[in-house]
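Read through the structure below, which is laid out as structure tokens, and then see the notes.
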Amino acid sequence: MPVSRPTTAKMAEFEEVSQKSALHSKPVGLVLQYGTAGFRTNANKLDHVMFRMGLLATLRSKKTKATIGVMVTASHNPEEDNGVKLVDPMGEMVTPAWEGYATQLANAEQEGLLATLKDIIKREAIDMVQEARVFLGKDTRRSSESLSKAVLDGVHALGGHSKDYGLVTTPQLHYMVCCQNTQGRYGEATMNGYYQKLSKAFIQLTKNVPNRTDDQKTLLVDGANGIGALKVSEMETYLKKELQLSLFNDGSTGKLNHLCGADYVKVQQRAPTGVEMSAGERCCSYDGDADRIVYYYTDSACRFHLLDGDKIATLISTYLKELLTQAGLDLQIAVVQTAYANGSSTRYLEDIMKVIVRCTKTGVKHLHHAAQEFDIGVYFEANGHGTVLFSKLAEEKIQQLAQDSNANDEKKRAALILQNTVNLINQTVGDALSDMLLIEAVLAIREMTVQQWDAIYTDLPNRQLKVKVADRRVIDTTDAERRTVCPAGLQEAIDTLVKKYNLARSFVRPSGTEDVVRVYAEADTQEHADALAYEVSLAVYQLAGGVGEEPKPL
């Protein structure tokens, strides 16, 4: 598309950018990186970034001739942090090239801002006369209000139109963007539309279950004192008592993500503060922006049991595979994992369920992309972030069978269940509310208790450690981060150490944000997993330029 000739209106736009950017000036020398989760740091450092992401979202909208989303959130980070991420037209994360533009624009010194902006316009051949529309959402952090205003200043400085959804979960904003750009085919771009679509599908699914008990209809929810707590309360009325939620950490007293939430439960392997649970009761935790979920329970001996993203992926893929078999549909289903997935889950999926397992680099965008290659792609990171993607072909085949008057009863029933399952899933991104309803429906349909779900396979004991190094870039990996290429000798050392233990596996990868190397190890016992993690950490320290104190045995 040719670049439009400079016009008076366009010159006025750049003048407005200059004037407004002075109100959102950048601290000299501050450098930030747009990572997998967008920008994320202390909220005090983000005003200029928000203004500039408003500018960038407007350019992206002009380029794609579609609505773009901007979400103000720092997810599971502490309350004093904040962040921002851009949402592309189909509700997916923004493309890598534009992640690069985001970093350039955020880091341009004040006097170089216009030149950087014009360079992006030129490189992408953006027609500045093209209309632009940006959807905005924010989480419950105190800083989100003023930072959202800075985003809108950026949008309006370049003549973009905006719709501010106010307080929404990250997945809800992704959903709105997708609905808008599919002209409502994916759903209605309102909160009411979101709740109606999910609750209707859930109620239809649970109708298939005779005699659901009160226990099966009751769930304890830890809202992480965040936006998820607000939104699950709003949604509960739509569920018509088919699911009754006991909400803890609802934000009325506690601090966001403090001693609660999905990240805390996953890392600490313990129940969140403030949740009163009895033995065998199903509980789940959201994270700060409600795009992650983990389940857990305690047994009669008060032992804590975590059902993380691996267990969720296994439950959902098993359910889908059974339905495809019942429906007689020849569709390829795959589970996408990262190297952090527990070895027991991979073995169960490949050896028992005979499901394709694909391993990708860490980061949701890598999993999402890989899942798109299959008719049905199930992806969950171990941290509880994930969803299910259905290809256009898969959706069409399911719909055709559901409407086929000649199909036998069993096939038709399976197709109708699949159809409602598709409607229950937020395919744009991991969504704690949608995933929670899906898990509850699957447990009900398969008549499974949380203990039976947990017993599908037993996790191998594992340990994660980190080693401080002078420069994390000395570590280079291959094979979806499962093997190291550099520094020389490190992979050989890891291979030798792994051979000492049964069912053992270990890998190392550089952190995306700090000069540390992350070490993962698993083995047949916790003692062996701990020993292997320590020995690999020592090898990293010695061969990859460790700094500070040498790793000590656990």
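Heads up: numbering here begins at 1 and tracks the sequence.
With hydrogens and angles ignored, the 3.5 Å screen pairs a side-chain donor or acceptor of Lys354 with a backbone N or O of Asp351. No side-chain donor-acceptor contact under 3.5 Å links Glu79 to the backbone of Arg141.
A donor-acceptor contact closer than 3.5 angstrom is absent between the side chains of Asp215 and Thr213. Side chains of Thr525 and Glu527: no donor on one and acceptor on the other come within 3.5 Å. Neither side chain, Glu92 nor Gln372, offers a donor N or O lying under 3.5 Å from an acceptor on the other. Counting only N and O atoms by type, the side chains of Ser285 and Tyr296 include a donor and acceptor under 3.5 Å apart. There is no side-chain donor-acceptor pair under 3.5 Å between Tyr340 and Asp308. Donor-acceptor pairing under 3.5 Å is recorded for the side chains of Asp289 and Ser75. Side-chain contact, His305 with Asp299: a donor N or O sits under 3.5 Å from an acceptor N or O. Asp454 and Tyr297 share a donor-acceptor pair across their side chains, judged by distance under 3.5 Å alone.
The environment of Lys241 atom NZ is sparse: at most 12 non-hydrogen atoms of other residues, nucleotides or ligands sit within 6.0 angstrom.
Between Asp81 and Arg40, none of the side-chain N atoms (NZ, or NE/NH1/NH2) sits under 4.0 Å from a carboxylate O, so this pair counts as no salt bridge. A salt bridge links Lys231 with Glu234: the closest approach of a Lys/Arg side-chain nitrogen to an acidic carboxylate oxygen falls below 4.0 angstrom. The residues Arg509 and Glu481 are annotated as salt-bridged, a charged nitrogen and a carboxylate oxygen being separated by less than 4.0 angstrom. Using a 4.0 Å cut-off between charged side-chain N and carboxylate O, Arg282 and Glu440 make a salt bridge.
Nearest heavy-atom pair across Cys260 and Asn249 is CB-ND2, 3.4 Å. Among all heavy-atom pairs drawn from Thr477 and Val508, the shortest one is CG2-O, 3.7 Å. The nearest pair of heavy atoms linking Ala529 to Arg463 is O-CB, 4.1 Å. Considering every non-hydrogen atom in both Lys255 and Asn225, the closest pair reads O-ND2, 3.0 Å.
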Using residues 325-337 as the side-chain source, report each donor-acceptor pair under 3.5 Å to any protein atom, sequence neighbours left out, with the distance given to one decimal.
from, atom 1, to, atom 2, distance (Å)
Thr325, OG1, Lys321, O, 2.9
Gln337, OE1, Thr346, OG1, 2.8
Gln337, NE2, Ser345, OG, 3.1

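Between Tyr195 and Tyr238, the ring-plane angle classifies as tilted under the 30° and 60° cut-offs.
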TODO: Could you go through the side-chain hydrogen bond (donor to acceptor under 3.5 Å, both in side chains) check for Asn82 and Ser143 one step at a time?
DONE: CA-CA 7 Å; Asn82 217 322; Ser143 57; 2.8 Å; yes
TODO: Check the pair Ser252 / Asp250 against side-chain hydrogen bond (donor to acceptor under 3.5 Å, both in side chains), numbers first and verdict last.
DONE: CA-CA 6 Å; Ser252 55; Asp250 63 358; 2.6 Å; yes
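Test Thr428, Thr421, Asn423 against Ile425 for side chain to side chain contact (heavy atoms under 4.5 Å, CB included) and you get one pass: Thr421.
Judged by a 6.0 Å distance limit and a 45° cone about the ring axis, Lys197 is positioned over the six-membered ring of Tyr186.
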